[in-house]
Amino acid sequence: MGRLRLISRDFGNPQARKLEYYRAHGGYQAALKALDEMAPKRITEEVIKSNLRGLGGAGFPVGRKWSFVPSDTGKPIYLVVNADEGEPGTFKDRYIMEWDPHRLLEGMIICARAVGIHTAYIYIRGEYVHPERILREAIEEAYREGILGSRVLGRDFALDVHMHVGAGAYICGEETGLLESLEGKKGWPRLKPPFPAVVGAFGCPTVINNVESLTYLPHIVTHGGEWFANLGSERNGGLRLFSLSGDVKRPGVYELPMGTPLRELIYDCGGGIAGDKKLKAVIPGGSSAAVLTADEIDVPLDFDHLARIGSMLGSAGIVVMAEDVCMVEAMRVISHFYAHESCGQCTPCREGTGWVARTMDAILAGRAPRRSVEDLLQIADNMSGTSICALCDGAAMPLRSFLLKFRNEFDQRLERRLSSTDRERRLERRVSRADWEGRLERRVSRADQERRLPSRATPPPPPTAPKPQDGSDPIR
Amino acid sequence: MSFEFTRERRERLESLLKIYPTRRAALLPALHLVQEQLGYVSPEGQEHVARILGLPVIDVHEVLTFYTLYRTRPMGRRHIRLCTSISCWIRGCRGVQKYLEEKLEVASGGTTADGEYSWEAVQQCMGACELAPMMQVGDDYHGPLDRAEVDRILDGEKSQERNGRLEIAPPDRIPDGETSREEA
Ligand SMILES: Cc1cc2nc3c(=O)[nH]c(=O)nc-3n(C[C@H](O)[C@H](O)[C@H](O)COP(=O)(O)O)c2cc1C
Ligand code: SF4
Ligand code: FES
């Protein structure tokens with residue numbers, strides 16, 4: 001028998017998107033059970049029992065979050081589905097929406113029933129054009145068949161589901177940034193409290209859950225919370241989807257029980273390191289997580305174990321780096337992402353992320369002072385816990401871990417480059433101002449030349465090597 | 001150049017207005033509609049949207065410029081977005097980036113002389129790292145890329161298999177534990 005799969009079983013089967021197929025395989029039975037046989041409170045209790053954690057990144061217990069929603073405000077309650085999936089290294093929600101859209105809808109019905117919700121929005125990132133189309137088709141199908149709308153599955157319960165398409169901003173994955181964006185504003189996260197459960201979309205109580213968190217609900221309702229909890233590890237219920245990418249032979253989405261060792265994911269599922277190189281480092285939870293060294297990969301993959309070793313499971317985007325990846329350059333790529341995506345509201349984040357990115361550039365260009373590592377560590381400290389949302393901490397966490405765990409690579413860069421810049425500096429002191437200006441001019445014109453792109457007349461590129469089979473990369 | 005929605009798009013916007021409790025919430029979809037019609041969001045398009053939603057134009061402009069998917073000037077007929085985030089970087093997006101520059105003879109952010117393609121290198125992970133290095137051409141995701149693959153995609157000779165990648169992602173992407181152990 002193969003590995004147990006709950007929500008990934010039908011990935012890759014185009015039939016499974018269709019309502020007919022989904023229903024023929026037991027689809028919407030859990031929603032019926034939730035509507036007919038369970039009081040709303042009981043659903044929430046089962047979900048609490050299941051130890052289902054928020055799978056968007058923060059890992060907050062899903063059932064507990066629902067229990068914070070006040071039901072006596074006289075205002076409508078909204079469900080907002082976070083399908084913004086922007087954490088670098090993460091692509092699992094895309095698979096769910098592409099291959100199993102009805103399971104997500106069924107999960108949404110269950111959540112709506114438990115909390116007393118009649119309007120739901122799915123906030124999907126703008127790049128996901130195909131998943132959006134597939135999801136829209138599924139929603140239309142569901143309306144046509146009376147699964148959504150004024151009488152859900154023919155019962156006395158109404159639920160409308162709408163799609164809202166984002167426009168390219170990582171920060172709109174943060175739940176309050178997402179709410180602002182849903183309301184037609186720029187995605188500036190809100191100061192909390194109040195939390196969205198109390199004041200969320202359009203000033204009303206709101207449940208925000210990740211796509212994957214909701215997709216597990218039908219199984220929990222069908223088999224019970226305890227069953228789900230027992231599939232996982234302590235306080236981390238069930239299974240979850242891991243997005244595996246980087247230098248592995250078989251990148252992709254793998255569904256595994258919480259607490260599976262990272263080694264098993266990389267070597268058994270991923271087939272090992274591309275090109276049979278040695279493993280150097282792994283990012284275990286999207287780029288905002290602290291990086292792990294090759295010695296740390298026996299850690300069980302769940303929220304608590306990763307927190308214990310100073311990292312996080314986050315969105316379970318696992319990025320594998322082989323021995324030949326330069327960690328200084330990798331950090332530069334990551335730092336530019338955060339500098340670009342900081343929304344700019346908080347000074348430590350806006351200035352800090354930019355400063356880090358510029359320092360990384362300087363280190364790689366050989367312009368950085370020797371104390372740069374200490375500077376960066378201090379910036380990381382000043383960025384932690386000082387801002388409105390967690391993007392800033394998410395930028396500081398990888399930075400600190402790269403610096404501390406791969407310090408020798410940073411030092412080597414600084415040493416090597418410094419010795420040459422020292423020499424240059426001594427030379428510079430000797431040249432007269434006139435010489436200096438002459439040099440500047442030459443440098444500018446050289447830069448101009450470099451910027452000019454080769455014309456069509458340049459010979460065609462050499463024939464390419466065959467496609468990477470085992471991941472060895474012909475054009476790196 | 002004045003701007004007005006086509007009748008069909010105007011109707012779509014009207015039905016969008018019904019799904020939100022505020023008019024303003026329809027701003028992002030409205031701007032998507034402008035871009036769908038024009039290929040970019042012109043100043044006149046912004047004014048038109050502002051009028052319909054009852055917002056100051058500056059509010060519309062502020063939102064428009066916050067997001068990266070809206071284009072504020074005309075671009076190529078097909079727009080290419082090359083992912084340069086961490087997984088794609090590890091798998092060699094720099095090589096693809098150089099090749100795109102060579103092939104299209106224009107730097108990131110530019111449009112080819114014939115107006116067919118525009119392209120940009122983006123910092124955001126596009127959520128398809130299993131295809132790394134990957135890019136989005138128009139609506140479609142493509143990867144893993146190398147020179148030959150880029151040629152195939154851009155020179156129109158799109159192989160059925162690649163183009164339909166999303167549709168036919170092989171189920172064995174998620175192999176059984178047992179099978180993969182045997183192979184290993
Ligand atoms: C900067 C930032 C980006 C985030 N991006 C996402 C995202 O793309 N998708 C997501 O589901 N959650 C994302 N989150 C987490 C959400 O804020 C929130 O915790 C989550 O949507 C709650 O759903 P869950 O409890 O089901 O995980 C992000 C958080 C931060 C701070
Ligand atoms: S921490 Fe950064 S991204 Fe978050 S609100 Fe502040 S400035 Fe914006
Ligand atoms: S890093 Fe390129 S798609 Fe994720």
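Labels below follow one simple rule: chain letters A, B, ... track the order of the sequence lines, proteins then strands, and each chain is numbered from 1. Quantities reported herein were computed from a predicted structural model and do not represent experimental measurements.
- Heavy atoms of Arg81(B) lying under 4.5 Å from chain A belong exclusively to its side chain.
- Only the side chain of Ile171(A) comes within less than 4.5 Å of a heavy atom of chain B; its backbone N, CA, C and O stay farther away.
- Interface remark: Ser243(A) contributes no atoms to any contact with chain B (heavy atom separation under 4.5 Å).
- Taking CG of Asp59(B) as the start and NZ of Lys185(A) as the end, the distance is 10.0 Å to the nearest 0.5 Å.
- Closest heavy-atom contact between Lys186(A) and Val63(B): N-CG2, 3.8 Å.
- Ring geometry, Phe202(A) versus Tyr20(B): the interplanar angle falls from 30° to 60°, so the pair is classed tilted.
- Residue contact with chain A, scored on non-hydrogen atoms closer than 4.5 Å, involves the side chain of Gln136(B) exclusively.
- With a threshold of 4.5 angstrom between heavy atoms, Ile334(A) approaches chain B through side-chain atoms but not through N, CA, C or O.
- For chain A, the nearby parts of Ala128(B) are the backbone and the side chain; heavy atoms of each come within less than 4.5 Å.
- With a threshold of 4.5 angstrom between heavy atoms, Met163(A) approaches chain B through N, CA, C or O but not through any side-chain atom.
- Listed for the His164(A) side chain is no donor-acceptor partner under 3.5 Å among the backbone atoms of Ala26(B).
- Contact detail for Ala167(A) and Tyr67(B): the closest heavy-atom pair is O-CB, 3.2 Å.
- When Ser287(A), Gly317(A), Ser181(A) are compared by the number of non-hydrogen pairs under 4.5 Å with chain B, Ser181(A) comes out ahead.
- Separation of atoms CD (Glu180(A)) and CZ (Phe66(B)) is listed at 10.0 Å; rounding is to 0.5 Å.
- The most heavy-atom pairs under 4.5 Å with chain A, out of Gly138(B), Ser85(B), Ser87(B), come from Ser87(B).
- The structure places CD1 of Ile86(B) at 9.0 Å from OG of Ser245(A), a figure rounded to the nearest 0.5 Å.
- Proximity to chain B (any heavy atom under 4.5 Å) is restricted, for Tyr78(A), to the side chain, taken from C-beta onward.
- Surrounding CD of Glu116(B) are more than 12 heavy atoms belonging to other residues, nucleotides or ligands, all under 6.0 Å away.
- Neither the backbone nor the side chain of Thr65(B) comes within contact range of chain A; no heavy atom of the residue lies under 4.5 Å from a heavy atom of that chain.
- The interface of residues 40-56 of chain B with chain A, defined by heavy-atom distances below 4.5 Å, is empty.
- Neither the backbone nor the side chain of Cys204(A) comes within contact range of chain B; no heavy atoms are under 4.5 Å apart.
- Residue contact with chain B, scored on non-hydrogen atoms closer than 4.5 Å, involves the backbone of Glu183(A) exclusively.
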